[in-house]
Amino acid sequence: MPAHCFYVYILSNASRTLYTGVTNDLVRRMWEHQNKIDPRAFTSRYHVTQLVWFEETGSIVAAIEREKQIKGWTRAKKIALVNSMNPTWRDLSADEGFFRSIR
């Protein structure tokens with residue numbers, strides 16, 4: 001049986017509005033955010049479509065716990081987390097080969 005991967009991620013926009021989410025398919029989920037599948041969703045309304053941080057885990061329980069932990073943090077602590085992995089706040093999903101590397 002293949003191992004399952006789950007992702008906790010943070011999205012941003014040009015004005016650094018933050019969104020934290022969890023998924024079992026980061027490629028699909030990014031496509032949904034970037035194509036604004038649900039126009040009423042927070043990420044659609046505020047154009048929050050740039051992947052600036054993510055973390056992989058093998059457990060959905062651990063992923064959900066981590067998402068809740070991050071959502072409970074102050075904005076400053078979330079910014080520090082992003083800066084630790086991605087100090088230039090580039091859109092990681094725009095990097096050539098990024099999605100191939102996580103599949």
Side-chain angles (χ1 to χ4, degrees):
M1 180 178 212
H4 292 283
C5 294
F6 302 91
Y7 300 90
V8 182
Y9 61 94
I10 297 177
L11 303 181
S12 185
N13 61 12
S15 62
R16 292 201 174 170
T17 301
L18 301 176
Y19 171 84
T20 304
V22 66
T23 185
N24 67 339
D25 187 341
L26 191 54
V27 173
R28 174 190 49 80
R29 193 68 181 117
M30 286 306 304
W31 184 89
E32 292 170 353
H33 287 304
Q34 291 168 345
N35 288 281
K36 299 179 171 99
I37 296 304
D38 180 357
R40 296 166 296 153
F42 177 86
T43 56
S44 295
R45 289 190 329 251
Y46 294 96
H47 310 290
V48 181
T49 60
Q50 299 169 359
L51 178 66
V52 294
W53 178 89
F54 72 95
E55 187 174 272
E56 181 180 325
T57 182
S59 161
I60 187 61
V61 172
I64 292 169
E65 286 176 4
R66 180 71 163 149
E67 178 194 30
K68 287 179 182 180
Q69 176 189 41
I70 293 169
K71 284 184 172 184
W73 287 356
T74 64
R75 177 175 173 76
K77 193 167 180 177
K78 292 174 192 176
I79 288 171
L81 179 65
V82 173
N83 284 334
S84 72
M85 177 187 192
N86 185 4
T88 62
W89 287 63
R90 75 185 186 283
D91 181 0
L92 301 172
S93 69
D95 289 354
E96 186 175 327
F98 170 75
F99 289 117
R100 285 191 305 273
S101 71
I102 63 168
R103 288 247 170 185

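- Using cut-offs of 30° and 60° on the angle between ring planes, the pair Y19 and Y9 is tilted.
- Interatomic distance, CG of D91 versus CG of N13, reported as 11.5 Å (0.5 Å rounding).
- To the nearest 0.5 Å, atoms CD1 (I64) and CD1 (I60) are separated by 4.0 Å.
- Put simply, CD1 on I10 and CE on M85 are 10.0 Å apart, with the number rounded to the nearest 0.5 Å.
- Pairs of residues two or more places apart, or lying in two chains, that qualify as side chain to side chain donor-acceptor pair (under 3.5 Å) and include a residue from residues 61-71 are E55-R66, R66-Q69, E67-K71.
- No side-chain heavy atom of V48 sits under 4.5 Å from any side-chain heavy atom of H33.
- Proximity of D95 to R90: side-chain heavy atoms (C-beta onward) are separated by under 4.5 Å at one or more points.
- Residue K78 comes nearest to I70 through the heavy atom pair CE-O, 2.9 Å, listed as atom of the first residue, atom of the second, then distance.
- Considering all non-hydrogen atoms of both residues, V8 and A63 come closest at CG2-O, 3.3 Å.
- Across R75 and R16, no two heavy atoms sit closer than the pair NH2-O, 2.8 Å.
- To the nearest 0.5 Å, the span separating CG on L92 from CZ on F54 amounts to 6.5 Å.
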Please evaluate residues N24 and H4 with respect to the criterion side chain to side chain contact (heavy atoms under 4.5 Å, CB included), reporting the C-alpha separation (whole Å), side-chain torsions for both, the decisive distance (0.1 Å), and the verdict. CA-CA 8 Å; N24 67 339; H4 292 283; over 6 Å; no
Evaluate the criterion side chain to side chain contact (heavy atoms under 4.5 Å, CB included) for residue pair Y7 and D25; output intermediate values, then yes/no. CA-CA 7 Å; Y7 300 90; D25 187 341; over 6 Å; no
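- Interatomic distance, Q50 CD to M30 CE, rounded to the nearest 0.5 Å: 8.5 Å.
- For the atom pair I79 CD1 and T74 OG1, the distance stands at 8.5 Å (nearest 0.5 Å).
- Contact annotation: the side chain of W53 never approaches that of N86 to less than 4.5 Å [non-hydrogen atoms, C-beta and beyond].
- In terms of heavy-atom proximity, F6 sits nearest to S59 at CD1-C, 3.6 Å.
- A search for salt bridge (Lys or Arg N to Asp or Glu O under 4.0 Å) contacts involving D38 returns R40, not counting sequence neighbours.
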